[in-house]
Number of protein chains: 2
Amino acid sequence: MTAQSILEAALFHFARDGYEGASLRAIADEVGIKKPSIYAHFSGKEDLFLHALAHAFQEVKRHTLEYFRDHAELALEARLKGVFPWFEQEYNANASARLMLRMSYFPPPGLYNEVMDLVHPFLDGMERSLNRLLQRAIRHGDLPLIPTEQAAIAFMTSLDGITVEIIYGSSSRYKRRLEAAWPVFWHGIHHLNEQAQKIVPEGETSS
Amino acid sequence: MTAQSILEAALFHFARDGYEGASLRAIADEVGIKKPSIYAHFSGKEDLFLHALAHAFQEVKRHTLEYFRDHAELALEARLKGVFPWFEQEYNANASARLMLRMSYFPPPGLYNEVMDLVHPFLDGMERSLNRLLQRAIRHGDLPLIPTEQAAIAFMTSLDGITVEIIYGSSSRYKRRLEAAWPVFWHGIHHLNEQAQKIVPEGETSS
DNA sequence: GTCTATACCCGGATAGAC
DNA sequence: GTCTATCCGGGTATAGAC
């Protein structure tokens, strides 16, 4: 079970100090073992890091699905908007969320591909789940007939834009953004069909 | 003029490798001097970093204002939407843009306050400029009467959300987001006045 | 599996000659 | 201002006893 303890400590340190900034000594100290003992469980810093990161993604995915499942009784808008304060809390409470975000933005230079192989499937999976959720809402009459895929991408974009302030701003800056940007998103997706008429030239049909 | 060369090399390395990852030796090598010679111009790594970062912010601010000035002939929507491809180009071409973004998201732990003293005024200044631009557009009849401050904040949020994909995604992922999120933003800000009626309860007035 | 001890390298920083 | 030489600390990693 030491392997599990090492992983958790590593998660915390990599999230706080970054890949280069984190030290194996500090991780070992926190677990209560000596530095070389780490090598009995992981082949080195890189190996430990990739295991920790994969674990972080798994955790965040699990928690996110839990959020949506546990708030199925909310109205669609409240359920979607609620993701933001929920994620702020998650970010402050869980090293997994912090590590995932940090490494998505700035992976260690030498591990770019390995990290992106975790990031992109995660984002794509979230987008697909969201897409399905919106389609269900339309079928239930909770949302007008809009292009759900586009709305899902726009939601992910808003999430990132607001999340950014959770990371590098204060709580008040994040709230300011949420209250300003949310109505824009929410009204925006309800009027998505208006654009088609503008873009498709008159009298033209899709080939 | 060596000080200037050191600053530029430092900018590049800090942007690529982060604060801890960048090494004074590599910077010195690029300039063509020896490591200790840096200390004739800067008191240490921290000092060099803060000078480079301040320079980066100054550069990005200057370039941004230039973009808006040089595209005054465009229609409002094209001018605003054009910020995104312009910024992608900027990010790929300029170490200043990369350093600014990276350090805004993940400042070196020990320099958090010093970095934020650069980040927040920059963001606030951009938001104010945008706000003024939207107000002018309303006066000229290019935009309906909407709360410009809210629209400005929402734009900055979209910018971050889409920019994120410039950083950690590919060019195709970024374009996908832009094309999905832009119409949502653009239609959204045109319908901002609708919300007030929904939120204020019937028969209630502000105390 | 875990320890002690240690090798090795590279980082930032300083001293002092030129 | 720039160099060579050096110090010190921290990092990763391994050898070998227990």
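Residue numbers start from 1 in every chain, and the chains themselves are labelled A, B, ... in the order their sequence lines are given, proteins ahead of strands.
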Practice problem: Establish, with yes or no, whether the OP1 or OP2 oxygen of dT2(D) is under 4.0 angstrom from a side-chain nitrogen or oxygen of T2(B). | Solution: yes
Quiz item: CZ of F49(B) versus P of dA13(C): gap in Å, rounded?
Solution: 14 Å
Practice problem: Classify the angle between the aromatic ring planes of W186(B) and H190(B) as parallel (below 30°), tilted (30 to 60°) or perpendicular (above 60°). | Solution: perpendicular
Self-check item: Residue pair I166(A) / F87(A): nearest heavy atoms and the distance that separates them
Solution: CD1-CD2, 4.3 Å
Quiz prompt | Lys NZ or Arg CZ of K45(B) over Y19(B) ring: under 6.0 Å, within 45° | solution = yes
Quiz item: Knowing that exactly one of H41(A), H51(A), E30(A) qualifies, which makes a side chain to side chain contact (heavy atoms under 4.5 Å, CB included) with I6(A)?
Solution: H41(A)
Quiz item: Atom CD of E20(A) and atom P of dG10(D): how far apart are they, to the nearest Å?
Solution: 18 Å
Quiz item: Between atom CG in L48(A) and atom C1' in dG11(D), what is the gap in whole Å?
Solution: 15 Å
Quiz item: Taking the six-membered ring where the residue is Trp, are the ring centres of Y67(A) and F84(A) under 6.0 Å apart?
Solution: no
Quiz item: Listed in order of residue number, which residues of residues 24-47 of chain A have a non-hydrogen atom at under 4.0 Å from DNA chain D?
Solution: L24(A), R25(A), K35(A), P36(A), Y39(A), G44(A), K45(A)
Quiz item: Hey, is the main chain of M1(A) close enough, under 3.5 Å, to the side chain of S5(A) for a donor-acceptor pair?
Solution: yes
